[in-house]
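To start, the structure under review is shown below, and the notes come after it.
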Amino acid sequence: MINAAVLISGSGSNLQALIDQSAAGEMPAKIKLVISNNPDAFGLERAKQAGIPSIVVRHTDFNSREEFDRAMSYHLDQAKVDLVILAGFMRILSEFFVENFQERLINIHPSLLPKFPGTNTHSRVLEAGEEWHGASIHFVVPEVDAGPIILQGRIKVRENDTAESLQQRVHKVEHQIYPLAVSWFAANRLTISGERVLLDDEISAEQLQTFEL
Ligand code: GRF
């Protein structure tokens, strides 16, 4: 069993999926701490309901990105976490933070990276006429929405899809793949090999999953 922290800024539906899987004994990771930069994040309420300690670290209280990151690092170090999970955390992290948690910092992004880094992924996917859309979980590197990919979940884009319908379906995919990726990490099944992540020492078909949602 590993100890994890989840960083959020908003609704925290991914946090909820992680809480639920951990409570069900399906994910060998205990969420020890939730940090939000936003005091109004609904995810804080989810942490409270689950009896998980949470801390608000407001980025507006600091003069620089790095000072803010150092404050978060302090709390994460105190909590002795093995893994830091970004789940809708809407701040760009400094090189200091990324290096401090190198190879134990993961993020979820709502696109099939390396396609569509950045924001508004759902409408951009529609505009581009993509056949597939989905979500990616990756180790974090200083470059935003880059880094070795652990697991992707994909769905087929439908003719009548809108940005909203895609967002809803991608969210469902996220809630399934994030606990799985954390489980792989917790079970020590992941190795970073250059730009790629190996599962049980090989590139596995399990790392790209197709959902009928
Ligand atoms: C998710 O779509 C995630 O991919 C992105 O931010 C969103 C967070 O949603 N990074 P929630 O707060 O977990 O509901």
Side-chain angles (χ1 to χ4, degrees), residues 1-9 12-36 43-44 46-55 72-89 93 97-110 113 134-141 145-154 170-211:
M1 183 73 82
I2 62 159
N3 291 323
V6 183
L7 271 51
I8 59 163
S9 300
S13 68
N14 280 287
L15 167 65
Q16 189 67 56
L18 295 165
I19 290 172
D20 293 345
Q21 290 298 299
S22 177
E26 299 287 333
M27 187 183 83
K30 183 174 162 55
I31 302 170
K32 292 259 289 190
L33 179 65
V34 170
I35 298 181
S36 174
L44 290 167
R46 298 182 193 269
K48 192 173 161 195
Q49 291 294 326
I52 299 168
S54 63
I55 303 176
M72 286 196 300
S73 290
Y74 170 79
H75 293 296
L76 294 166
D77 289 340
Q78 290 272 308
K80 295 199 177 12
V81 293
D82 307 294
L83 177 66
V84 178
I85 302 170
L86 305 177
F89 183 69
L93 294 162
F97 190 93
V98 174
E99 270 164 27
N100 197 29
F101 295 101
Q102 208 175 15
E103 302 197 3
R104 52 191 182 111
L105 175 61
I106 63 175
N107 182 45
I108 189 158
H109 178 76
L113 291 171
S136 307
I137 297 158
H138 62 95
F139 283 104
V140 175
V141 294
D145 298 332
I149 291 169
I150 300 166
L151 170 61
Q152 295 184 306
R154 66 178 187 173
V170 167
H171 249 118
K172 286 187 187 156
V173 170
E174 293 185 349
H175 301 160
Q176 305 219 26
I177 63 173
Y178 222 174
L180 179 58
V182 171
S183 297
W184 288 350
F185 181 93
N188 235 336
R189 295 179 63 190
L190 302 175
T191 327
I192 301 176
S193 169
E195 306 274 289
R196 318 201 62 155
V197 177
L198 307 181
L199 175 65
D200 301 330
D201 295 324
E202 55 189 46
I203 292 164
S204 162
E206 280 184 74
Q207 290 170 274
L208 174 61
Q209 304 202 349
T210 303
F211 292 85

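Keep in mind that what you see is a predicted model, and the values were worked out from it rather than measured.
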Practice prompt. Check whether any side-chain N or O of His138 sits under 3.5 Å from a backbone N or O of Ala146 as a donor-acceptor pair, and report yes or no.
Written response: yes
Practice prompt. Of all the heavy-atom pairs spanning Ala186 and Ile2, show the shortest one and how long it is.
Written response: CB-CG1, 3.7 Å
Discussion item. Within the 4.5 Å heavy-atom criterion, are Leu190 and Leu199 side-chain neighbours or not?
Written reply: yes
Practice prompt. Taking all heavy atoms of Val170 and all of Ala135, pick out the closest pair and write down the distance.
Written response: CG1-CB, 4.1 Å
Discussion item. Is the shortest side-chain heavy-atom distance between Leu180 and Gln209 below 4.5 Å?
Written reply: yes
Worksheet item: In Å and rounded to the nearest 0.5 Å, what is the CD1 to CD1 distance from Ile106 to Ile150?
Response: 5.0 Å
Worksheet item: How many angstroms lie between atom CD1 of Ile203 and atom CD1 of Ile149, to the nearest 0.5 angstrom?
Response: 11.5 Å
Response to the item:
All heavy atoms of Ala47 vs all of Ser54, minimum pair found to be CB-CB, 4.3 Å
Practice prompt. To the nearest 0.5 Å, tell me how far Arg154 CZ sits from Leu208 CG.
Written response: 5.0 Å
Worksheet item: Could you give the distance from CG (Leu83) to NZ (Lys30), rounded to the nearest 0.5 Å?
Response: 15.0 Å
Item to complete: Give, for atom CG of Leu44 and atom CD1 of Ile55, the distance between the pair rounded to the nearest 0.5 Å.
Response: 10.5 Å
Worksheet item: Do you know the tightest heavy-atom contact between Ile19 and Ala50?
Response: CG2-CB, 3.7 Å
Practice prompt. Answer yes or no: is there a side-chain heavy-atom contact under 4.5 Å between Leu15 and Ile85?
Written response: no
Worksheet item: Can you find a pair of side-chain heavy atoms, one from Leu76 and one from Phe97, that are under 4.5 Å apart?
Response: yes
Item to complete: Measure across Glu26 and Ser183 and return the closest heavy-atom pair with its distance rounded to 0.1 Å.
Response: O-OG, 3.6 Å
Worksheet item: With distance as the sole test, does Ser136 use its side chain to make a donor-acceptor pair with the main-chain N or O of Leu113 at under 3.5 Å?
Response: yes
Discussion item. On a heavy-atom basis, which atom in Glu206 and which in Trp184 lie closest, and how many Å separate them?
Written reply: O-CH2, 3.5 Å
Discussion item. Measuring only between side-chain heavy atoms, which start at C-beta, is His75 closer than 4.5 Å to Met72?
Written reply: no
Response to the item:
Between the CE atom in Met1 and the CG atom in Asn3, the distance rounded to the nearest 0.5 Å is 8.5 Å
Item to complete: For the residue pair Val173 and Pro110, establish whether any side-chain heavy-atom pair is separated by less than 4.5 Å.
Response: no
Discussion item. Any side-chain to backbone donor/acceptor pair from Gln207 onto Val197? Under 3.5 Å, distance only.
Written reply: yes
Worksheet item: Do Phe101 and Asp77 have side chains that get closer than 4.5 Å, going by heavy atoms?
Response: yes
Worksheet, complete the sentence: When Asn14, Leu105, Ile137 are each screened for side-chain contact (heavy atoms from CB on, under 4.5 Å) with Leu86, the one that passes is Leu105
